[in-house]
Amino acid sequence: MSELYIRVAEDESEEPMEIPSEDDGTVLLSSVAAQFPGACGLRYRNPESQCMRGVRLVEGVLHAPESDWGNLVYVVNYPKDNKRKMDEIDAASAVKIKRGFQKTSDLIVLGLPWKTTEQDLKDYFTTFGEVIMVQVKRDAKTGNSKGFGFVRFTEYETQTKVIAQRHMIDGRWCDCKLPNSKACPDEPMRSRKIFVGRCTEDMTTDELRQYFMQYGEVTDVFIPKPFRAFAFVTFADDQVAQALCGEDLIIKGVSVHISNAEPKHNNIHQLFPNFPGGSASLAAMFDRSQYQFPSSHV
DNA sequence: GTTGAGCGTT
């Protein structure tokens with residue numbers, strides 16, 4: 001049978017405190033935390049290796065290292081002890097996120113000669129970088145190539161390079177592109193485009209460009225024709241666009257309201273401008289339907 | 001047994 005109490009201290013040099021164990025010899029983390037608020041575990045110095053060892057913790061229950069807890073002094077772990085590790089995790093996820101923006105995707109290879117095989121493709125594309133996958137699309141019955149295929153690279157840099165140029169494969173020029181299925185959601189780019197509401201008819205694209213230039217580089221100004229009292233302004237930097245959202249700005253003496261531009265084609269009235277019965281009935285129909293607009297750049 | 005802008009049977 002185990003001891004009734006184990007010795008726990010804030011630090012190896014501190015005075016230990018006795019913490020009650022359970023009947024089965026385990027110690028509840030909650031028992032430790034009752035005396036050491038915020039505790040998230042225990043560790044101890046292994047007498048043989050002189051290294052610190054963590055105490056097994058399963059669902060709030062601390063388990064003795066050996067058959068019993070022995071005469072050791074256990075040291076409390078606090079989340080702050082893991083700060084360095086947390087930083088490492090943060091750094092790792094930051095890298096992951098960064099990689100997320102540069103995730104490779106399958107590329108469609110258009111214009112392949114009928115005779116080109118997957119081995120041919122692999123041999124060719126490997127000259128650019130490591131290849132994960134190649135496909136040649138074939139007719140199910142005849143096995144004849146449909147003249148296109150897919151390729152996936154390990155490195156995003158390779159993908160970029162391959163997309164940028166044409167490819168002479170088995171005597172034909174081929175193109176590698178992002179497939180339609182992947183073209184949109186690749187980069188969940190924060191919107192660089194703002195919606196400028198309450199525009200007046202006398203505002204020209206040039207004037208809007210001139211005005212918004214003060215905030216950052218303007219890459220596009222769009223004013224719907226006929227006049228609809230709003231405009232879109234696109235900046236080179238999404239942070240500029242985001243910073244302006246919610247603002248009321250004075251242009252040519254009138255107050256315009258800045259908000260986020262909705263994704264293009266997300267507006268059903270844009271898709272069906274002359275829907276019979278008017279906008280309301282269309283919107284209602286749409287709400288009841290399961291259809292989701294594909295995501296797209298805004 | 002053909003074809004030549006496109007978009008991926010499993």
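Every chain is numbered from 1, with letters handed out A, B, ... down the list of sequences.
Rounded to whole Å, atom C1' of dG4(B) lies 15 Å from atom CD1 of Ile169(A). Rounding to whole angstrom units, CZ of residue Arg172(A) and C1' of dA5(B) are separated by 10 Å. Rounded to whole Å, atom P of dG8(B) lies 14 Å from atom NZ of Lys177(A). Regarding Phe148(A), its CZ atom lies at a distance of 11 Å from the C1' atom of dT9(B), rounded to whole Å. Distance CZ (Phe150(A)) to C1' (dT9(B)): 12 Å, rounded to an integer number of Å. If you measure from atom CG of Asp139(A) to atom P of dG8(B), you get 14 Å, rounded to the nearest angstrom. Rounded to whole Å, the distance from CG on Asp175(A) to C1' on dG4(B) is 12 Å.
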Criterion side chain to side chain contact (heavy atoms under 4.5 Å, CB included) on Thr26(A) and Leu62(A), from CA distance to verdict: CA-CA 6 Å; Thr26(A) 63; Leu62(A) 292 153; over 6 Å; no

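Judged by a 6.0 Å distance limit and a 45° cone about the ring axis, Lys137(A) is not positioned over the six-membered ring of Phe148(A).
The list of ring pair (Phe, Tyr, Trp, His ring centres under 6.0 Å) pairs with a residue in residues 11-33 of chain A, not counting sequence neighbours, is empty. Sorted by first then second residue, the ring pair (Phe, Tyr, Trp, His ring centres under 6.0 Å) pairs that include residues 110-140 of chain A, not counting sequence neighbours, are Tyr124(A)-Phe128(A), Tyr124(A)-His167(A), Phe125(A)-Phe153(A), Phe125(A)-His167(A), Phe128(A)-His167(A).
Not one N or O on the side chain of Gln165(A) forms a donor-acceptor pair closer than 3.5 Å with the backbone of Val162(A).
Asp106(A) contributes a side-chain N or O that forms a donor-acceptor pair with the base of dG8(B) under 3.5 Å.
Of the candidates dG4(B), dG8(B), dC7(B), dC7(B) carries the atom nearest the Ile108(A) side chain, counting heavy atoms from C-beta on.
Between Glu18(A) and Arg7(A), no side-chain nitrogen of the basic residue sits less than 4.0 Å from a carboxylate oxygen of the acidic one, so the salt-bridge criterion is not met. In this structure, Arg166(A) pairs ionically with Asp175(A), as a charged nitrogen and a carboxylate oxygen lie closer than 4.0 Å.
Partners of Lys177(A) according to the salt bridge (charged side-chain N to carboxylate O under 4.0 Å, His left out) rule, which considers only residues two or more places apart in sequence or in another chain, do not exist here. Annotation: side-chain contact (heavy atoms from CB on, under 4.5 Å) contacts of Leu208(A) (sequence neighbours excluded): Met203(A), Phe212(A), Val221(A), Ile223(A), Ala231(A), Ile251(A).
Listed in residue order, the members of residues 127-137 of chain A having a heavy atom less than 4.0 Å from DNA chain B are Gln135(A), Lys137(A). Of the residues in residues 111-123 of chain A, those placing a heavy atom less than 4.0 Å from an atom of DNA chain B are Gly111(A), Leu112(A), Pro113(A), Trp114(A), in numerical order.
Contact between the side-chain N/O atoms of Lys146(A) and the OP1/OP2 oxygens of dT9(B) is found at a separation under 4.0 Å.
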